[in-house]
Amino acid sequence: MEQKVKAQVHCLVADLVRQELLREEISSGKQDQVFERYGIPVDVRELLRTPDYRQLEKAGLPPIYRVLYVISAFPAIREHLSMAPFLARFEQDMQAEGVL
Amino acid sequence: MGKVVGAFGQGHILFHPHGAEAAADRVYEGYKAVGRRIRALKPDLLVVISGDHLFNLGTSYQMPYAVGVADEYLPWGDTDVPVRPFAGQREFGEGLVRFGAEQDFDLAKLEAHGFRPDHGISVPVMFAAPRGDLPVVPININICMEPLPNPRRCQALGNLLKKYVEQCRPVGERVVVIGAGGLSHWLMVDRDGEINEIFDRHVLALIEAGRGDELAEMTAADLLATAGNGGMETLYWITMLATVPGARGETIFYEPMYSWKTGIAATQLHV
């Protein structure tokens with residue numbers, strides 16, 4: 001399931017970058033058509049409707065960065081873009097080297 | 001006069017290891033090795049050349065080159081970098097901007113109240129100065145704008161930094177410079193996920209041969225086509241290399257990290 005969601009998000013992102021489609025569609029209230037067209041799952045749709053996304057859109061950030069920001073909040077993606085698995089080891093290693 | 005006593009090129013991401021555990025481990029250990037080597041040089045100050053990923057510097061105000069001029073920074077915390085404050089050095093940053101103006105190189109200033117370093121700066125700082133007590137001066141090169149910064153101009157910025165350290169800084173001040181980013185990667189564009197291993201190894205070979213300055217002969221368009229939109233981060237390395245002209249590099253590690261969508265490496269320039 002995780003891979004499927006990633007692939008769908010990837011599809012959305014690639015499309016956004018090529019055409020900046022979502023910006024146009026959202027501003028014209030047709031985003032559901034885009035979601036349907038690409039089979040974007042409901043939870044991702046909800047994410048793209050979050051205030052954070054709207055705020056970024058309002059601030060004029062290019063779609064690539066708005067989407068990166070939003071998908072980073074999506075658990076499967078956020079987990080991938082995280083160094084969390086290394087943090088406990090980092091603390092231990094730095095303590096062992098006497099620098100923490 | 002001060003001196004650039006060490007220079008390093010390194011990546012600035014550390015993501016989840018799943019699916020590439022052994023390679024991710026080599027990256028982590030490589031970053032640790034860079035940190036140890038930097039601390040062994042006993043620097044008084046660390047200059048980190050990298051880029052903001054539009055967390056701070058959006059599209060409203062775009063400056064190609066900017067210098068941190070704060071006494072302390074708080075990481076943004078993206079990619080789960082620990083949000084621990086680390087020291088800056090206003091005097092160094094302000095002096096570099098002033099020296100640049102005198103040398104016909106205009107640099108913008110970044111104040112801490114509006115600039116919280118993202119992973120581009122804070123990952124290398126985390127490994128080099130885990131306690132946050134080594135003063136850091138961030139230099140931001142903006143690869144999120146058009147026109148893209150020019151490699152020659154980045155080389156000139158590195159030359160400027162070297163001259164500033166040697167001509168304006170206190171006698172005996174020891175400065176280490178890090179260029180933190182890349183190498184090749186394509187993100188969210190048609191070649192998304194590609195890595196140009198040939199380019200990456202060519203960069204490292206040039207640096208090992210003491211010929212890293214040749215990278216500045218590329219145009220921004222060449223670099224974009226060869227290394228990808230993310231590979232424009234090679235500009236951070238080009239800037240760093242110009243602070244230690246002719247120095248030979250030692251490759252600490254190289255990993256084509258396809259699961260992270262980037263070629264990633266570290267090198268030390270022996271001064």
Side-chain angles (χ1 to χ4, degrees), chain A residues 1-3 5-23 52-53 55-100, chain B residues 12-21 24-25 27-29 31-33 35-36 38-40 52-55 57-62 76-82 84 118-119 122-123 126-134 144-146 186-193 229-230 259-261:
Chain A
M1 178 57 190
E2 181 181 312
Q3 289 305 317
V5 170
K6 278 184 188 174
Q8 286 168 325
V9 172
H10 176 88
C11 170
L12 171 68
V13 171
D15 188 74
L16 279 169
V17 172
R18 275 196 290 272
Q19 303 181 41
E20 299 199 5
L21 183 61
L22 193 60
R23 177 160 58 182
D52 278 349
Y53 185 90
Q55 189 63 37
L56 293 170
E57 183 184 41
K58 196 174 169 187
L61 289 184
I64 179 173
Y65 293 102
R66 280 187 272 130
V67 173
L68 278 172
Y69 182 90
V70 172
I71 64 176
S72 70
F74 189 64
I77 304 296
R78 191 181 184 288
E79 180 192 344
H80 184 68
L81 300 178
S82 169
M83 66 169 67
F86 289 102
L87 289 177
R89 177 176 162 191
F90 176 77
E91 296 284 324
Q92 288 171 2
D93 289 351
M94 293 300 107
Q95 285 171 11
E97 291 188 23
V99 290
L100 260 186
Chain B
H12 64 210
I13 60 166
L14 185 63
F15 290 158
H16 199 291
H18 56 59
E21 284 78 3
D25 193 65
V27 174
Y28 171 78
E29 290 296 333
Y31 285 172
K32 269 176 50 187
R36 274 196 300 272
I38 289 172
R39 291 190 293 277
D52 184 76
H53 300 75
L54 289 175
F55 288 99
L57 308 173
T59 54
S60 298
Y61 303 99
Q62 301 180 26
W76 186 277
D78 58 309
T79 74
D80 290 325
V81 176
R84 287 188 185 125
D118 73 12
H119 66 276
S122 51
V123 168
M126 167 185 166
F127 282 89
R131 281 196 299 264
D133 53 357
L134 174 64
C144 299
M145 61 178 285
E146 289 190 348
W186 281 258
L187 288 176
M188 313 293 176
V189 291
D190 280 346
R191 295 173 65 182
D192 178 83
N229 56 341
S259 63
W260 298 352
K261 299 185 177 183

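Order of the sequence lines fixes the chain letters, A, B, ..., with proteins taken first and strands second; residue numbering starts at 1 for each chain. Keep in mind that what you see is a predicted model, and the values were worked out from it rather than measured.
Considering every non-hydrogen atom in both B/Pro130 and A/Leu100, the closest pair reads O-CD2, 3.7 Å. What you find for B/Leu14 and A/Met83 is that their closest heavy atoms are O-CB, 3.1 Å. The nearest pair of heavy atoms linking B/Asp80 to A/Leu87 is O-CD1, 3.5 Å.
Residues meeting the side chain to side chain donor-acceptor pair (under 3.5 Å) test with A/Gln95, sequence neighbours left out: none.
Once rounded to the nearest 0.5 Å, the distance linking CE of A/Met94 with NZ of B/Lys32 reads 5.5 Å. Interatomic distance, OG of A/Ser82 versus CD1 of B/Ile13, reported as 12.0 Å (0.5 Å rounding).
Ring orientation note: the planes of A/Phe86 and B/Tyr28 are close to parallel, at an angle under 30° on the 30°/60° scale.
Interface residue B/Glu29: only side-chain heavy atoms are found under 4.5 Å from chain A. Looking at B/Ala24, both its backbone and its side chain come within 4.5 Å of chain A, counting heavy atoms on both sides. In this structure, chain A has a heavy atom under 4.5 Å from the side chain of B/Val123, while its backbone stays farther away.
One finds a salt bridge joining B/Asp25 and A/Arg89 here, because a Lys/Arg side-chain nitrogen approaches an Asp/Glu carboxylate oxygen to under 4.0 Å.
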